[in-house]
2 protein chains.
Amino acid sequence: MEKSVTLARVAREAGVSASTVSRILNGTANVRDEKKEAVERVLARLNYRPNVLARSLASGRTMSVGVLTQDISSPFYGDTLRGIEQGLSGSGYHPIFTSGHWQAQEELEAVDLLLARKVDALIVLGGVLPDEKLREVAAKVPLVALGRSVPDLESQCLRLDNFKGAYLATQHLVELGHRAIAHIMGVPSHRDAQDRLAGYKAALADARVEFDPDLVREGDFMEASGFLAATRLVEGLRTFSAIFVANDQMAYGARLALFRKGLRVPEDVSIVGFDDLPSSSFTTPPLTTVAQPTYDIGLASAECVLRLLNGEEAALPPLDVQLVVRESTTRRRS
Amino acid sequence: MEKSVTLARVAREAGVSASTVSRILNGTANVRDEKKEAVERVLARLNYRPNVLARSLASGRTMSVGVLTQDISSPFYGDTLRGIEQGLSGSGYHPIFTSGHWQAQEELEAVDLLLARKVDALIVLGGVLPDEKLREVAAKVPLVALGRSVPDLESQCLRLDNFKGAYLATQHLVELGHRAIAHIMGVPSHRDAQDRLAGYKAALADARVEFDPDLVREGDFMEASGFLAATRLVEGLRTFSAIFVANDQMAYGARLALFRKGLRVPEDVSIVGFDDLPSSSFTTPPLTTVAQPTYDIGLASAECVLRLLNGEEAALPPLDVQLVVRESTTRRRS
DNA sequence: TTGTAGGCGTTATCAA
DNA sequence: TTGATAACGCCTACAA
């Protein structure tokens, strides 16, 4: 381990005190030009790199923002993470990503780890941590939570309108003439899944279509569960001409199940997904789905965190979901 | 900012010196049982959390491993990252993920950031950093590079046999009776793309099929480029009954292009991809592709890093690619 | 077995 | 505008 260049050494070689070097480095105070230049020369010559640890220990700030995702490599979070990176870039703060895998225990450990690493702020994406814990964390460090709405912390939470998205999706199918519309929902205990189910029901009700529980199947947001659910639907007693699937990944699975059953999409069955994953415009046929402005969400949360860090008030812009009509839906054959 | 509980305070309240507490915490030396218990009681009562920064500054180790990916949210890296997490878990070391987005400049900054954060070791996934830079980094900190083979650093590098994978894929098509086999390659300057092209050519040669440059199109590893390349192929003068695509994402695009052109997969055109992304078993039809043991790669690299950290020699197990035959390929219609 | 003292590399405070 | 000097919180000889 070669000794790294320390500030003290720079100071010595430049013939000034360490404090002066520090001031130049941080722009904390004015320094006479000649000294400044001398120091900067030494800085360059020695290729000085400040020690982040020491700096953080002394200053109490690490210039890092913890980001707790559920699955760091899930396509669903991809754009959001990019948005966060972008929103933070140039601010001096850097994101540190961790994942909780939808397990409260893992999330807890991840948050503790982040706090132990003294992140200056935290962005939480979804997850199953109890509200209480989030409030507790928020008391210690600026916090922004996406996909959640924690009582007493609303201004720092951003939830998408899942109800509306589901409503739009279902309404789209209704407008195409479909009546028997199945639904493959997500994990029932999951708030998003509940809201999407509610939106689906509401749209049916508004169209005077009777809700049929036999046309609803549970999944777990993964492809395989969508496959299974759709298979069951096809094999069930009820017939249907369209499915609203609670997310794109399950929609992929459902689409394959229909393919296996010899049912064409969209001629025989129309499918609508939710999330608009990057690959959804490349499925065959391209998937009609509900798009969330995931990148903007990331961007907005990063900006909000910076505001909080800056002592300003939280501010999350309203972001809306949107139906993207592609080729997996068509008018019901009469 | 509530004052956090310091080791000094614990020592005071337990009536011992700070060193003693430190020893108990780290198991550095034996401590009389009664004191030990007393201290542990205080530790628990105060809910003491060591300050990682201070600890790192003093000990010179941060117990973290930097992981440089190209796209933190790419499905391609997902399993590998999980493997790394798993391989590191329980060791006391934690991964810190960053992404370079295939831009040398960004990668440089990312590595510098990681080094500035004093990671104890580094895992580099692919990327375009010059070998020289990697050697430079390796001189400072234990390094493992995946998807690269840096001269003088071979023992710490793990590359998959792209040539073999491409050969297997093409051979599979040949065995199905295909002769006019097109290829959609990746970024030509990319080593993986070159090797896959070479494997494709070799398999053709071994099967006494003449190589036809007009049946090869360039892409950039993304879906859209696969779409474009396949479209061009179809519109080109040459006819073909199969395509070997250099990665799954482009294969998705190609598959859609064929769909748009009214060509069926696999009846009219067989497709083989490369990577076996999680969603490739759910495309319609499920994609025949070359699987890399990505999870194991991550696991192995984490274990290798731990060995290096432990002063042992690097050791990366041989890992092999494998053809996964699904439904996007079929015997050529005679 | 235990405590003291010094150091890790910066920043922050206070005089000068 | 500058420089000592003291934190920051912990680890580690070294001495007892």
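Note that the coordinates shown come from a computational prediction; the quantities given were computed from them, not determined experimentally.
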In whole angstrom, give the distance that lies between atom [atom1] of [X] and atom [atom2] of [N].
X	N	atom1	atom2	result
A:Lys118	D:dC8	NZ	P	13 Å
B:Arg117	C:dG9	CZ	P	18 Å
A:Leu46	C:dG9	CG	C1'	15 Å
B:Lys36	C:dT1	NZ	P	11 Å
B:Lys35	C:dG3	NZ	C1'	9 Å
B:Leu57	C:dC8	CG	C1'	4 Å
A:Asn51	C:dG7	CG	P	17 Å
B:Arg61	C:dG7	CZ	P	22 Å

Below the 4.0 Å mark, does [N] have OP1 or OP2 next to a side-chain nitrogen or oxygen of [X]?
X	N	result
A:Thr20	D:dG3	yes
A:Ser17	D:dG3	yes
A:Ser22	C:dT11	yes
A:Arg55	C:dT11	yes
A:Asn26	C:dT11	yes

**OP:** Verify the neighbour count for atom CZ of A:Arg45: are there more than 12 heavy atoms of other residues, nucleotides or ligands below 6.0 Å?
**Re:**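 Counting neighbours around CZ of A:Arg45, more than 12 heavy atoms of other residues, nucleotides or ligands fall under 6.0 Å, so yes.
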
Original post:
Under 3.5 Å, is there a donor-acceptor pair linking the side chains of A:Ser17 and A:Thr20?
Top reply: yes

Original post:
If you measure from CZ on B:Arg117 to CE on A:Met63, what distance do you get to the nearest 0.5 Å?
Top reply: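 Answer rounded to 0.5 Å: 9.0 Å.
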
**OP:** Working to the nearest 0.5 Å, report the span between OG1 of A:Thr80 and CD1 of A:Ile123.
**Re:** 10.0 Å

Side chain [X] and base [N] donor-acceptor under 3.5 Å:
X	N	result
A:Arg49	C:dG9	no
B:Arg23	C:dG3	yes
B:Ser19	C:dT4	yes

**OP:** Name the closest nucleotide to the B:Ala58 side chain, picking from C:dT1, C:dG9, D:dC10.
**Re:** D:dC10

Subject >> First of B:Glu34 and A:Leu53 reached from the 5' end of DNA chain C, by closest nucleotide >> reply: B:Glu34

**OP:** Could you tell me whether a side-chain N or O of A:Thr69 sits under 3.5 Å from a main-chain N or O of A:Gly100, the two making a donor and an acceptor?
**Re:** no

